[in-house]
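Chain letters run A, B, ... following the sequence lines, proteins first, then strands; residues in each count from 1.
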Amino acid sequence: MEEAVRHDALALERRLAAAGDVELVAACAEGIPEAFRELLSRYRRSAVGLAYQMLGNMEDAEDVAQEAFVRVFVAIPRFRGQAAFSTWLYRIVTNLCLGDRRRRRRTVDLEAVREPRAADNPAGCVTDGLLAGQILAEMAVELRVILLLREQEGLSYRDIAEALDLPLGTVRSRLSKARMTFRRLWNEALQSGEEQQ
Amino acid sequence: MTCILFERQLSSYLDGELPAARAARLEAHLRRCPHCRAELEAMGGIADHIRAASREMQVSQDFDQRVLRAMGYWQVTGRPIAQPRMLKPLLVVAAILLAITGAVRYYLSQPYRPPMPAPRGAALVAPASPGGTVVPERERR
């Protein structure tokens with residue numbers, strides 16, 4: 001009997017792992033908790049990563065991502081699928097991050113972002129990832145979020161417009177500005193590194 | 001058109017979002033401008049840098065458990081679980097209120113002690129003297 005139950009659980013797990021997001025959302029709405037666990041495991045890293053790059057602090061990022069998943073869980077029976085699940089989730093994460101920043105009325109403390117990252121790298125060598133993280137932290141949050149949604153999450157312009165509630169033209173111009181800003185800061189950081197050597 | 005104007009189109013071009021006519025003009029410019037070609041190539045590498053930044057990040061191992069716990073709490077109470085960052089200020093306020101309540105209760109629980117009699121001839125402050133004047137003890141008698 002126990003063996004049969006375990007077998008059923010494994011079969012369900014495999015089916016959910018192979019299912020698309022739309023099927024998982026439908027299964028969640030029908031009250032299958034394993035479907036939500038699968039969505040959580042698919043998007044955990046993206047949601048926390050997006051929040052982390054926006055807030056610059058892992059503890060706050062995980063709190064925001066946790067709240068976003070709970071909101072998704074509560075609202076999933078009403079989700080009509082007008083947008084992709086990922087777009088919907090990123091929209092919630094982004095709004096929570098912007099709300100969190102507004103509530104605290106402060107920008108990301110750059111030193112707070114830099115210190116732990118530098119401490120992770122005692123040899124003092126700045127990897128691409130560390131440098132990119134520092135540059136993102138220096139960018140205005142409106143530019144940072146659009147760059148992350150496009151370059152990290154691979155959202156289309158239309159999905160970004162949907163997630164951020166912006167006109168398509170604004171997405172286009174803001175993304176261009178974000179990329180040019182990133183490039184300028186990247187070049188400045190490399191030049192300053194060369195001068196120090 | 002100068003490079004500055006073309007540079008603004010590189011991002012949309014990179015994503016295939018530039019209208020065909022403008023894309024053709026940009027491509028003609030790219031063929032003769034090494035600066036813009038290098039810029040386009042560098043822009044294409046931004047995604048790799050940003051993904052590298054995300055790889056530096058580690059999500060807590062108990063993250064899923066925390067989410068599932070919060071969802072369970074929601075199912076039972078219909079309210080989101082209190083975030084730790086909200087709890088801290090609430091605890092501070094509760095501690096201050098407790099301290100004030102304790103101090104008031106301690107003050108009220110103390111038995112009333114009449115003032116010690118002053119040495120003869122000394123002046124006393126009259127407790128309910130309307131004018132606030134000092135009345136010598138012998139006059140009050």
Side-chain angles (χ1 to χ4, degrees), chain A residues 33 36-37 40-41 44-50 52-53 58-74 100 104 117 120-121 127-137 147-148 150-152 154 156-157 168 171-180 182-183 186-187, chain B residues 3-19 22 36 38-75 77-89:
Chain A
F36 190 82
R37 285 182 192 215
L40 182 59
S41 117
R44 171 207 308 127
R45 205 175 158 77
S46 292
V48 176
L50 180 61
Y52 176 62
Q53 300 293 8
M58 189 47 109
E59 198 182 333
D60 290 346
E62 289 193 353
D63 284 349
V64 159
Q66 176 185 314
E67 198 174 332
F69 277 113
V70 173
R71 285 189 185 202
V72 162
F73 171 73
V74 171
D100 193 80
R104 286 185 285 162
R117 289 177 177 185
D120 289 341
N121 192 6
T127 61
D128 268 17
L130 288 171
L131 185 56
Q134 289 179 2
I135 287 172
L136 282 170
L147 199 59
L148 289 166
R150 177 66 197 162
E151 303 287 37
Q152 182 172 288
S156 68
Y157 282 30
L168 212 53
V171 170
R172 190 174 289 119
S173 60
R174 212 175 268 185
L175 181 58
S176 173
K177 190 173 175 190
R179 278 172 166 153
M180 288 168 78
F182 188 95
R183 283 279 305 133
W186 182 270
N187 285 339
Chain B
C3 278
I4 293 173
L5 294 174
F6 280 118
E7 271 178 8
R8 287 183 188 159
Q9 299 178 358
L10 290 176
S11 170
S12 299
Y13 178 74
L14 192 67
D15 296 325
E17 292 278 339
L18 202 62
R22 286 164 74 184
C36 284
E39 200 55 35
L40 180 67
E41 193 179 340
M43 231 177 226
I46 291 177
D48 289 338
H49 300 318
I50 289 178
R51 285 193 207 110
S54 292
R55 279 198 293 275
E56 304 277 344
M57 176 206 81
Q58 292 291 330
V59 180
S60 302
Q61 286 188 339
D62 67 341
F63 178 76
D64 286 13
Q65 287 308 314
R66 278 163 44 202
V67 173
L68 296 172
R69 232 180 2 250
M71 280 163 49
Y73 185 85
W74 182 292
Q75 281 178 313
T77 65
R79 285 182 287 118
I81 199 164
Q83 296 291 330
R85 64 173 181 275
M86 291 292 290
L87 271 179
K88 203 172 171 185

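Comparing B:Leu10, B:Val59, B:Asp15 by how many heavy-atom pairs each has under 4.5 Å with chain A, the most go to B:Asp15.
With hydrogens and angles disregarded, no donor-acceptor distance shorter than 3.5 Å links the side chain of A:Arg172 to the backbone of B:Ser11. No side-chain donor-acceptor contact under 3.5 Å links B:Glu17 to the backbone of A:Tyr157.
Salt-bridge annotation for A:Arg37 and B:Asp64: absent, with no side-chain N of the basic residue lying under 4.0 Å from a carboxylate O of the acidic one.
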Quiz prompt | Chi angles and distances behind the salt bridge (charged side-chain N to carboxylate O under 4.0 Å, His left out) call for B:Arg66, A:Asp63 | solution = CA-CA 9 Å; B:Arg66 278 163 44 202; A:Asp63 284 349; 3.7 Å; yes
Quiz prompt | Intermediate values then yes/no, side-chain contact (heavy atoms from CB on, under 4.5 Å), B:Arg22 and B:Ser12 | solution = CA-CA 10 Å; B:Arg22 286 164 74 184; B:Ser12 299; over 6 Å; no
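With a 4.5 Å cut-off on non-hydrogen atoms, A:Ala61 does not touch chain B at all. B:Glu7 touches chain A through backbone and side chain together, each having a heavy atom under 4.5 Å away. Looking at B:Asp48, there are no atoms closer than 4.5 Å to chain A (heavy atoms on both sides), in backbone or side chain. For A:Leu175, the parts lying under 4.5 angstrom from a heavy atom of chain B are both the backbone and the side chain. Proximity to chain A (any heavy atom under 4.5 Å) is restricted, for B:Leu14, to the side chain, taken from C-beta onward.
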